[in-house]
Structure formats: C-alpha cells, structure tokens
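Here the structure comes first, spelled out in structure tokens, and everything after it is commentary.
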Amino acid sequence: MKVLIVGSGGREHAIAFSVAKSPRVDKIYCAPGNGGIGQIAECVPIGAMEFDKIAAFAREKKIDLTIVGMDDPLVGGLVDVLEAEGLRAFGPRKNAAILEGSKAFSKDLMKKYHIPTADYENFDNAEDALRYLETAKFPIVLKADGLALGKGVLICNSLEEARDGVRSIMMDKKFGSAGNRMVIEEFLTGREVSVLSFVDGKTIRIMTSAQDHKRALDGDQGLNTGGMGTFSPSPFYTPEVDAFCQKYIYQPTVDAMAAEGRTFKGVIFFGLILTPDGPRVLEYNARFGDPEAQVVLPRMKNDLIDVCEACIDGTLDQVSLEFENNAAVCVVLASAGYPVSYEKGFLIKGLERFDHADGYYCFHAGTKRTEEGIVTNGGRVLGITAKGRDLKEARANAYQATEWVSFPNQYMRHDIGKAIDEA
Ligand code: AMP
Ligand code: GLY
C-alpha cells in the first residue's frame with residue numbers, strides 16, 4: 001500500500017521509520033518532510049496546511065492511508081477534508097482535535113467528567129483575568145487557549161509577573177490568536193510523565209511511558225522549548241500510577257469525548273503530573289509527542305499500519321500493543337540560541353554512521369537536503385536516539401552516538417534521562 005505522512009519534524013521521521021518496517025507498505029510519501037525523511041520516503045513540496053493540495057495529491061497517487069503527525073493540520077481539520085474526498089486518514093477530526101486545540105475546552109471537559117486536573121478558571125478578556133489575580137495564590141499558571149508551539153504556558157511567581165503575563169497573552173497577543181482566551185490554573189508539583197495512546201473512538205490502548213525535558217538548559221533551567229530530549233519508559237510510571245490513570249483518566253477521557261459528540265480516533269497524548277495527591281492531567285495533545293515518538297515508536301513491536309487501521313475501523317479492542325522490554329533515550333541536537341534565535345544552513349557531518357548501527361537512530365527534526373549535503377534547517381536539528389537494556393545503558397549509548405555527528409553551532413543538554421539515576 002501507499003502511505004502519505006503529513007509533517008516535517010523528528011516525530012514524522014520516527015513515524016516514517018516505523019511505517020517503512022511494515023511489510024504491507026510499498027511506497028511512502030511525506031508532505032513536506034525533511035532531509036532525513038527523504039532517505040526513506042519521497043518528500044513532496046506541499047505544506048502541512050495546504051489541505052486542498054494534500055487531498056489532490058492523495059487522490060492522484062491513490063494513497064491508501066494518510067497519517068497526520070502535526071497538531072496544526074489536525075486542529076485545522078485536514079482529516080475531515082481527506083475523509084470528505086473518500087480518503088482514509090489517521091488522526092482525529094477537527095471537532096475532536098479541539099482536545100488539544102483549546103485548553104479552555106479541555107479544562108471544561110475534565111471538570112464536567114470529573115477527570116483529575118488542576119483547579120482553574122477560563123477568561124475571554126484581560127480585565128476579568130487581572131481582577132481574578134488580585135485574590136489568587138502564587139505561583140500560578142497562565143495558559144494561552146490555542147496552539148502556541150508548546151510555548152503558551154507561563155508560570156508566574158508574583159502578582160506583578162502574572163499581570164505582565166495576562167497583558168502579554170491577551171493584550172499584546174504574544175501568541176497571536178491563541179491568546180483570545182486563556183486559562184489561569186493552580187500550580188502543581190511532581191514528576192511529569194508523557195503517556196501516548198491509540199484510540200478508536202471507544203477503546204483506548206496505552207503505549208509505553210516516556211518523559212520529556214522541556215527546558216533549554218541543563219538542570220531544567222532556561223526557556224521552555226518543544227523538547228530537548230526524552231527517555232522511555234519512565235521509572236516513575238509505576239503499576240499503581242497506571243491503575244489510577246486507567247480508572248480515572250484514560251477511558252473516562254475517551255468516553256467524555258464520545259458523550260460530547262466528538263468521537264476521538266487517533267493518538268491521545270496525556271501530559272501527566274504525579275502530584276503528592278495523585279496523578280493529574282496537565283494537558284492533552286491530539287497526536288504523537290515530539291520527541292516522545294522518537295523513544296516510544298522504536299520500542300513498539302506492532303505493525304504501526306495495523307494499529308492505525310484498527311483505530312480508523314473501530315477494531316482496536318482486537319489489538320494488543322507490545323513493546324520491547326528495554327529502554328530508549330533521545331538527545332536533541334539543537335542550534336545554539338534555540339528557542340529564541342539561531343542560524344541555520346550549516347553542513348551536518350557523520351550522518352552515514354547511523355545507516356548500519358542497530359539500535360541507534362538519527363531522527364531529523366530540522367534539516368534540508370542541498371547540493372553540498374544535508375544542512376541544518378531549524379532550532380531542533382536531530383534527535384539522536386539509542387536503545388539499551390535499561391535506561392542507564394540507553395543513555396550512555398545515546399550520548400556516545402551524539403559524537404558521531406557534528407555541525408557548527410551545535411547545542412545539546414547533557415542531562416537527558418539523568419533524573420532516572422535518582423529513581
Ligand atoms: P503544557 O503545554 O500545558 O503541558 O505546559 C507546559 C509545561 O508547563 C508543562 O510540561 C509543565 O512543566 C508546566 N505546567 C503546565 N501546567 C502546570 C501546572 N498547573 N502546574 C505546574 N506546572 C505546569
Ligand atoms: N514533547 C511535547 C509535545 O510534543 O508537545
């Protein structure tokens with residue numbers, strides 16, 4: 001069969017890698033893809049938000065399955081556009097992708113269906129938000145309602161900081177129209193865990209757990225980024241935590257969406273925080289995490305195509321997910337200056353070393369193929385991933401493999417997965 005993947009990051013490279021392993025797949029296309037994805041798929045120069053062009057391409061090439069990796073096209077309704085053309089697509093429809101597209105929606109859903117999350121209020125104007133802050137406890141968390149590249153969350157330690165935050169989100173529109181509404185919520189403390197799941201509208205199957213390192217600098221310092229590295233599984237995701245989440249979070253979320261007439265098919269990503277009072281949902285995403293996908297998918301034994309089709313067809317109850325009994329660590333090699341400003345266009349050396357190294361992966365996040373070779377083309381450039389028998393070994397392997405490649409301006413964190421040593 002022919003598969004089209006929509007997106008251009010490390011997540012889409014990891015998806016393409018898994019799709020390529022399926023004996024059912026003859027040809028992979030990716031719109032728009034990147035330098036690394038181009039080694040296993042044919043990249044087509046169509047942007048992820050060019051819905052009409054994507055649909056026309058899928059029709060013309062007789063694509064059997066389109067996998068939408070990115071949040072923007074999901075929230076914008078690409079799956080609806082493809083389905084209207086009679087094409088098969090993996091991912092939630094627009095009315096279900098709102099689970100990620102609007103934080104105010106997801107908070108109200110959790111409140112209505114008693115799914116554990118931080119206490120909050122939603123606001124659609126700055127005056128009310130500023131008035132609310134007068135009697136609030138600090139620290140407090142401000143969230144722009146819409147998509148903001150993972151940057152729309154501000155943790156404020158004082159009234160002054162929070163006032164500035166409300167003004168920048170709602171008045172200065174720092175995150176654009178994502179800030180037309182906002183959520184103000186209680187600050188929670190605890191370990192964070194990312195749990196990805198497949199959902200077919202009724203049944204939910206949980207993948208192995210992972211943890212992301214969102215801050216730019218070692219020791220969880222610096223600005224929030226899209227993610228500087230991940231490890232899987234999380235030793236903090238114990239059987240007790242799993243049992244709690246199965247009962248109070250996972251199935252209740254799927255049932256809540258169905259009850260609202262927003263049947264969810266695709267991947268739900270649960271951003272959890274393990275507080276002293278038990279697990280709470282920090283956020284939902286309607287897609288694979290990035291870089292979580294880079295440590296979770298390489299450990300999955302199932303044929304990804306089979307699982308995606310079971311989600312579309314509503315037969316996920318007949319699927320049992322299997323993961324290797326090992327661990328994986330992904331270290332992001334970024335351009336110095338990310339997430340603020342950085343240069344790109346530098347030649348990357350050493351990539352071929354990964355071609356024949358079993359258990360090692362070089363997922364491309366921001367790269368481009370040029371006549372001179374593959375060059376850097378983004379803030380996050382590569383996701384260097386390695387497996388090991390346990391997290392310690394996977395971590396040592398991943399850091400060793402970061403030395404195989406080089407490019408000017410290279411930056412990485414040195415403590416990805418280090419928290420696991422304390423577990
Ligand atoms: P989100 O995009 O909602 O996952 O938020 C990004 C990051 O902000 C999370 O990974 C947390 O580290 C932090 N965060 C979000 N909400 C809260 C909260 N209620 N309490 C503490 N930290 C939070
Ligand atoms: N790594 C977090 C995300 O994909 O949103």
Side-chain angles (χ1 to χ4, degrees), residues 7 9-12 14-15 69-72 74-75 97 99-107 110 116-121 136-157 162 165 169 175 178-179 182-197 207 209-216 220-232 234 267-277 279-297 330 332 334 339 363 365 379-380 383 385 413 416 419:
R11 164 184 47 219
E12 284 73 28
I15 293 171
M70 283 174 76
D71 45 2
D72 284 303
L74 287 168
V75 170
L99 189 61
E100 170 165 8
S102 168
K103 289 188 190 287
F105 168 86
S106 73
K107 295 297 293 188
M110 287 187 270
T117 188
D119 287 339
Y120 75 102
E121 292 285 339
K137 276 198 292 191
F138 295 89
I140 202 159
V141 184
L142 311 184
K143 299 186 173 186
D145 177 54
L147 296 180
L149 295 170
K151 293 169 195 156
V153 174
L154 304 176
I155 294 172
C156 302
N157 290 305
I169 291 175
F175 307 107
M182 68 179 291
V183 177
I184 301 188
E185 73 175 28
E186 170 198 13
F187 176 77
L188 300 175
T189 53
R191 289 271 174 201
E192 289 184 43
V193 184
S194 301
V195 176
L196 312 184
S197 67
M207 297 179 228
S209 61
Q211 188 183 316
D212 186 10
H213 294 260
K214 286 205 168 89
R215 302 288 206 95
D220 288 330
Q221 302 296 309
L223 295 173
N224 257 328
T225 70
M228 291 300 293
T230 38
F231 58 87
S232 170
S234 162
V267 169
I268 299 183
F269 166 143
F270 298 86
L272 304 174
I273 185 162
L274 310 180
T275 77
D277 300 322
R280 301 281 182 270
V281 179
L282 278 186
E283 65 158 346
Y284 293 115
N285 294 315
R287 47 159 178 92
F288 288 101
D290 192 359
E292 283 87 343
Q294 302 178 46
V295 284
V296 169
L297 286 177
C330 168
V332 170
F363 295 120
R380 291 191 292 179
T385 300
R413 275 183 61 163
I416 302 302

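Just follow the structure's listing: the first ligand is 1, and inside any ligand the first atom is 1.
Residue Thr117 forms a side-chain hydrogen bond (donor to acceptor under 3.5 Å, both in side chains) with just one option from Glu186, Glu283, Glu185, Lys107, and that option is Lys107.
Nearest residue to atom 3 (O) of ligand 1 from Glu185, Lys143, Glu186 is Lys143 (criterion: closest heavy atom). Across the listed options Val141, Val153, Asp212, Val153 owns the non-hydrogen atom lying nearest to atom 5 (O) of ligand 1. The heavy atom nearest to atom 17 (C) of ligand 1, considering only Leu282, Asn285, Ile273, is found in Leu282.
With hydrogens and angles disregarded, a donor-acceptor distance shorter than 3.5 Å links the side chain of Arg215 to the backbone of Gly222. Judged purely by atom type and a 3.5 angstrom limit, Ser234 has no side-chain atom pairing as donor or acceptor with the backbone of Ala210. Between the Ser197 side chain and the Ile268 main chain, a donor and an acceptor come within less than 3.5 Å of each other.
Between Leu147 and Asp72 the shortest side-chain heavy-atom distance falls below 4.5 Å. For the pair Phe288 and Leu196, the minimum side-chain heavy-atom distance is below 4.5 Å. Looking at Asn157 and Phe138, their side chains never come closer than 4.5 Å, going by heavy atoms from C-beta outward.
Per-residue contacts place Gly226 under 4.0 angstrom from the following atoms of ligand 2 (heavy atoms of the residue considered): 1 (N). Of all the atoms in ligand 1, the ones that sit under 4.0 Å from a non-hydrogen atom of Phe187 are 20 (N), 21 (C). Listed by number with element, the atoms of ligand 2 under 4.0 Å from a non-hydrogen atom of Asn285 are 5 (O). Each of the atoms 4 (O) of ligand 2 lies under 4.0 Å from some heavy atom of Gly289. Atoms of ligand 1 found under 4.0 Å from any heavy atom of Lys214 (numbered from 1 in listed order, with element): 10 (O).
If you look at Glu292 next to ligand 2, the close heavy atoms, those under 4.0 Å, all belong to the side chain. In Ile155, the part holding a heavy atom less than 4.0 Å from any atom of ligand 1 is the side chain. Contact annotation: for Thr230 versus ligand 2, there are no heavy atoms closer than 4.0 Å.
Closest to atom 5 (O) of ligand 2, if we only count protein heavy atoms, is Arg287 NH2, 3.0 Å. At the shortest separation from atom 2 (O) of ligand 1 among protein heavy atoms lies Glu283 OE1, 3.3 Å. Of the protein's non-hydrogen atoms, the one nearest atom 9 (C) of ligand 1 is Glu192 OE1, 3.5 Å. Nearest non-hydrogen protein atom to atom 21 (C) of ligand 1 is Leu188 O, 3.1 Å.
Ligand 2 has a nitrogen or oxygen under 3.5 angstrom from a nitrogen or oxygen of Asp212. Considering backbone and side-chain N/O atoms, Lys214 never comes within less than 3.5 Å of an N/O atom of ligand 2.
Among all heavy-atom pairs drawn from Asp145 and Ser102, the shortest one is OD1-OG, 2.8 Å.
Ligand 1 lies less than 4.0 angstrom from a heavy atom belonging to Lys103.
Ring-plane geometry between Phe231 and His213 is classed as tilted, the angle between the planes lying from 30 to 60 degrees on a 0 to 90 degree scale.
Asp212 and Thr230 share no donor-acceptor pair across their side chains, judged by distance under 3.5 Å alone.
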* Asked: Going through the distances and angles, do Lys214 and Glu192 end up as a side chain to side chain contact (heavy atoms under 4.5 Å, CB included)?
  -> CA-CA 10 Å; Lys214 286 205 168 89; Glu192 289 184 43; 4.2 Å; yes
